[in-house]
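First comes the structure, then the notes that go with it.
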Amino acid sequence: DGTKLAVGPNSSVVIDNYVYGGGNTVRKLTLGATKGTLRWISGKSGHQAYKIQTPSGTLGVRGTAFDVYVGANGVTAVTLLNGQAEFCNSSGCQTLRRRCQFVIARPGGGAVSKPRGITRSIGIGVSGAEAFPFLSGRASLPRGFLASSSCAGLGGAVDRNNGSNRPAQKLDFNIPDRQRDNFTNNPDNPNNPDNPNN
């Protein structure tokens, strides 16, 4: 359905449930993120079809791009890149509505933190740059995937997508489907942000 998922180094993600919806959609797609980091960009299916489960709660997707980090102790942090996402556990929910906001949740049902702007020190035992390597430029994204972008609180990030070493740029994740298909199917398109010649 056009959903994009990039899994970071030393990470573990399992597709727990997949129900085809006909055409280019899914009725249900549930991922289990147990360790490491991932980047998600929603596809064409309805937002209610997507769920990401972590040891600290469940992330509801709402036409969204975001990064997720799950630590070895199950602590989970989510940074929003576009759209909206809601993270819930047994103590309640928090909704991310602004780019570069993040929340933290810990296993055992403690309250999900209130959304705040990402910084280098996020209070989970690793730096923001280490927890979110796609966002900070420490890990590259696969060819044809939208390039990484920096959040000011992480600072100094570079875009290492497709082997280039360009300064990070702010990207619009709201690309119409027709254009997105053209970008991903033709990486040499001069309008494609993933084209290494841009």
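Sequential numbering from 1 along the given sequence is applied to the chain's residues.
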inquiry  = As an exercise, state the distance from OG1 of Thr79 to CG of Leu96, rounded to the nearest 0.5 Å.
reply    = 8.0 Å
ask   = If you look only at pairs with a residue in residues 1-46, which of them pass as a disulfide (SG to SG under 2.5 Å), with sequence neighbours excluded?
value = none
Residues that Pro133 engages under side-chain contact (heavy atoms from CB on, under 4.5 Å), provided they are two or more places apart = Thr37, Arg138, Ala139
key: Audit row: Leu59, Phe66, side-chain contact (heavy atoms from CB on, under 4.5 Å) steps and yes/no   = CA-CA 11 Å; Leu59 184 63; Phe66 53 80; 3.2 Å; yes
Disulfide (SG to SG under 2.5 Å): pairs with one or both residues in residues 19-98, sequence neighbours excluded = Cys88-Cys93
request  = Give the minimum heavy-atom separation between Tyr18 and Val26, together with the two atoms involved.
outcome  = CE1-CG1, 3.3 Å
List, one per line, each side-chain donor-acceptor pair under 3.5 Å for residues 48-58, sequence neighbours excluded.
unit_1, atom_1, unit_2, atom_2, d
Tyr50, OH, Asp1, OD2, 2.4
Tyr50, OH, Thr3, OG1, 3.2
Tyr50, OH, Gly43, N, 3.3
Tyr50, OH, Ser45, N, 3.3
Thr54, OG1, Ser56, N, 3.1
Thr54, OG1, Gly57, N, 3.2
Thr54, OG1, Gly57, O, 3.1
Thr54, OG1, Thr76, OG1, 3.1
Ser56, OG, Gly74, O, 2.6
Ser56, OG, Ala105, O, 3.2

Test side-chain contact (heavy atoms from CB on, under 4.5 Å) applied to Arg116 - qualifying residues, sequence neighbours left out = Phe102, Ile104
key: Heavy-atom side-chain contact between Leu81 and Arg39 under 4.5 Å   = yes
key: Any Trp40 side-chain heavy atom under 4.5 Å of Val61 side chain   = yes
ask   = Is there a donor-acceptor pair closer than 3.5 Å between any side-chain N or O of Ser11 and the backbone N or O of Val7?
value = no
Backbone of Gly110 reached by a side-chain donor or acceptor of Asn89 within 3.5 Å = yes
inquiry  = To the nearest 0.5 Å, what is the distance between CG on Asn17 and CG on Leu29?
reply    = 8.5 Å
task = Looking only at non-hydrogen atoms, find the nearest pair between Ala129 and Ser136 and report the distance.
result = O-OG, 2.9 Å
remark   = With sequence neighbours left out, the residues meeting side chain to side chain donor-acceptor pair (under 3.5 Å) with Thr25 are none
ask   = Is there a side-chain contact between Val75 and Val70, using heavy atoms and a 4.5 Å cut-off?
value = no
inquiry  = Do Thr30 and Ile15 have side chains that approach each other closer than 4.5 Å (heavy atoms only, starting at C-beta)?
reply    = no
key: Criterion side-chain contact (heavy atoms from CB on, under 4.5 Å) on Tyr69 and Val126, from CA distance to verdict   = CA-CA 10 Å; Tyr69 167 78; Val126 298; 3.8 Å; yes
Neighbour count >12 (heavy atoms, 6.0 Å) for atom CG, Asp16 = yes
remark   = Of all heavy-atom pairs linking Leu141 and Ala6, the shortest is CD2-CB, 3.7 Å
remark   = Taking every heavy atom of Asp67 against every heavy atom of Phe134, the minimum-distance pair comes out as OD2-CB, 3.9 Å
request  = Would you indicate whether the side-chain heavy atoms of Phe132 and Ile122 approach each other to under 4.5 Å?
outcome  = yes
message = Could you measure the distance from the NZ atom of Lys114 to the CD atom of Gln101? Nearest 0.5 Å is fine.
response = 12.5 Å
query = Which pair of heavy atoms, one from Val103 and one from Gln94, lies closest together, and at what distance?
reply = CG1-CB, 4.1 Å
message = Contact between Leu80 and Thr64 at the side-chain level, heavy atoms closer than 4.5 Å - yes or no?
response = yes
